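What follows is a single structure, written as structure tokens, with notes after it.
The structure presented is a predicted model; accordingly, all values stated were derived computationally and were not measured.
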Protein chains: 2
Amino acid sequence: MDIKTNLIATAERLFDRNGFSATGMDRLTQEAGLSSRTLYKHVGSKTVLMALVLGVRERRFMERLDVQTVDEIFDVLAQWTRDEGGRGCLFLRSYGETGGDIPEIANVVLTHKEATRAKIAEIVQRDLGGGDHGELTEQILVLFEGAVAAAVYRGMDAISAARKAAASLVAQARS
Amino acid sequence: MDIKTNLIATAERLFDRNGFSATGMDRLTQEAGLSSRTLYKHVGSKTVLMALVLGVRERRFMERLDVQTVDEIFDVLAQWTRDEGGRGCLFLRSYGETGGDIPEIANVVLTHKEATRAKIAEIVQRDLGGGDHGELTEQILVLFEGAVAAAVYRGMDAISAARKAAASLVAQARS
DNA sequence: TAAAGTGTAAAACGGTCGTTTTACACTGTC
DNA sequence: GACAGTGTAAAACGACCGTTTTACACTTTA
């Protein structure tokens, strides 16, 4: 595998599992199997690496979120959690750990959140057969965010609860 | 004010605003207006301080959450966010930043989450006039958690959306 | 008035942080 | 066969980490 790709994948795993600050560069170079010199030649700094990690995560997530119905949104989340584990939203965690003070990271996070909201809006609109549904979109967004967060301690139950709640709200909006 | 109380309050503010790891002890002693010797005499270590912070936050939060209806749950959250700012759940952030690997902290976090769930269950049951409502409780919990998380980037809109969604689900459960 | 307790100020502790540098091996190319 | 490019291994960088220690001032109490 490409060095940089492998490095970013390793960093994503370690940052997600152990936290950003708690993950030292020594551990990173060791687990990625490269020297610190090569690491810094490829990514420049730890902050840039974190931004790159969020960038690839954003792309992988958005690819998966390319669905047609509100129900499927939560299927995607359930599968994602089964595949990658539920340790909370890495974007919000990065934002919180840096106090929102590092623009490189804050930008990626806020852009990701806006893209997610826009995607949910699109799915809601399609699922309901057109029309404006800003309020329902915000509700589904909150359910989605809540499912991610609550899955940390409630597991898959949080996701299926969110799914059912969303279905209720959609059904109510239809009638 | 009592030294330890003031220290914990200062630590809560700094940990919440800037993150746990990102907050150094120098900054803490400086802003709390005491020497490092006094700090360590009173709390022992940074980890213990973090656990103490979560402890007082838990008590303050639970006092506020002592309400009777589902609607009021979200009123409490709205007021809390206005008073203290919405930077995400400090419990989950602490858990994430430490990878869940520090028992002292993990215990406080998971206990707090279970207490919150139990309190919501009690409120839901009272609001619906008795009976078992495990599924609805889980849905309200997810909405609450989602409102906290989404408020970081959507502000108060996330909270009022959660409030309305919860009201819809409660109304549906009543009929 | 001596002792014990509690506080501050500040230097120092050993360790670890992110990052840079040095020294060297291997590879493909003109 | 020199050469630039890219990699590793590992030492070293200065800064900062959480924590402990030293030295000293003030208050309370017996």
Side-chain angles (χ1 to χ4, degrees), chain A residues 1-55 90 93-99 101-106 108, chain B residues 1-55 90 93-99 101-106 108:
Chain A
M1 201 199 307
D2 178 57
I3 283 183
K4 192 168 174 180
T5 306
N6 169 61
L7 168 58
I8 293 175
T10 303
E12 182 178 3
R13 179 169 50 83
L14 290 178
F15 290 162
D16 184 40
R17 258 178 237 264
N18 307 112
F20 176 56
S21 299
T23 302
M25 298 306 263
D26 283 8
R27 173 112 190 257
L28 237 149
T29 53
Q30 191 186 331
E31 299 219 5
L34 41 72
S35 66
S36 61
R37 186 173 197 222
T38 305
L39 185 152
Y40 278 94
K41 179 159 276 190
H42 277 86
V43 303
S45 76
K46 193 186 189 184
T47 300
V48 169
L49 178 56
M50 168 98 268
L52 289 171
V53 162
L54 294 180
L90 187 60
R93 286 169 58 203
S94 305
Y95 189 84
E97 202 164 333
T98 58
D101 293 331
I102 300 177
E104 275 166 305
I105 290 177
V108 181
Chain B
M1 198 199 308
D2 178 58
I3 284 184
K4 192 167 173 180
T5 307
N6 170 60
L7 168 59
I8 293 176
T10 303
E12 181 178 4
R13 180 169 49 83
L14 290 178
F15 290 161
D16 185 40
R17 257 177 240 264
N18 306 111
F20 176 58
S21 300
T23 302
M25 299 306 265
D26 284 8
R27 175 111 188 257
L28 237 148
T29 54
Q30 191 186 330
E31 299 219 6
L34 42 71
S35 66
S36 62
R37 186 174 194 213
T38 305
L39 185 151
Y40 278 94
K41 179 157 277 191
H42 278 85
V43 302
S45 76
K46 192 185 189 185
T47 300
V48 169
L49 178 55
M50 169 98 268
L52 289 171
V53 162
L54 295 180
L90 188 60
R93 287 168 57 203
S94 304
Y95 190 84
E97 201 164 334
T98 57
D101 292 332
I102 299 177
E104 274 166 307
I105 291 177
V108 182

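Within 4.0 Å (heavy atoms only), B/S45 reaches sugar-phosphate atoms of the nucleic acid but no base atom.
Distance CG (B/N6) to C1' (C/dT6): 16 Å, rounded to an integer number of Å. What separates CZ of A/R37 from C1' of C/dC26 is a distance of 14 Å, to the nearest Å.
Using a 4.5 Å heavy-atom threshold, the side chains of A/M25 and A/Y40 count as touching. In this structure, B/L28 and B/L7 have side chains that are in contact, with non-hydrogen atoms separated by less than 4.5 Å. Between A/L52 and A/K4 the shortest side-chain heavy-atom distance falls below 4.5 Å. Contact check for B/K46 versus B/F20: side-chain heavy atoms found under the 4.5 Å cut-off.
B/L90 CG to B/D16 CG: the interatomic distance, rounded to the nearest 0.5 Å, is 5.0 Å. Taking CD of A/E104 as the start and CG of A/L49 as the end, the distance is 11.5 Å to the nearest 0.5 Å. The distance from atom CD1 of B/I3 to atom CG of B/L34, rounded to the nearest 0.5 Å, is 6.5 Å.
Side-chain contact annotation: B/E97 with A/S21, donor-acceptor N/O pair under 3.5 Å absent.
For DNA chain D, the outermost nucleotides in 5' to 3' order that have an atom under 4.0 Å from a heavy atom of chain B are D/dG18 to D/dA23.
For the contact set between residues 8-35 of chain A and DNA chain C, defined by any heavy atom under 4.0 Å, the members are A/T23, A/G24, A/M25.
The 5' end of DNA chain D is approached more closely, in terms of each residue's nearest nucleotide, by A/K41 than by the other of B/S36 and A/K41.
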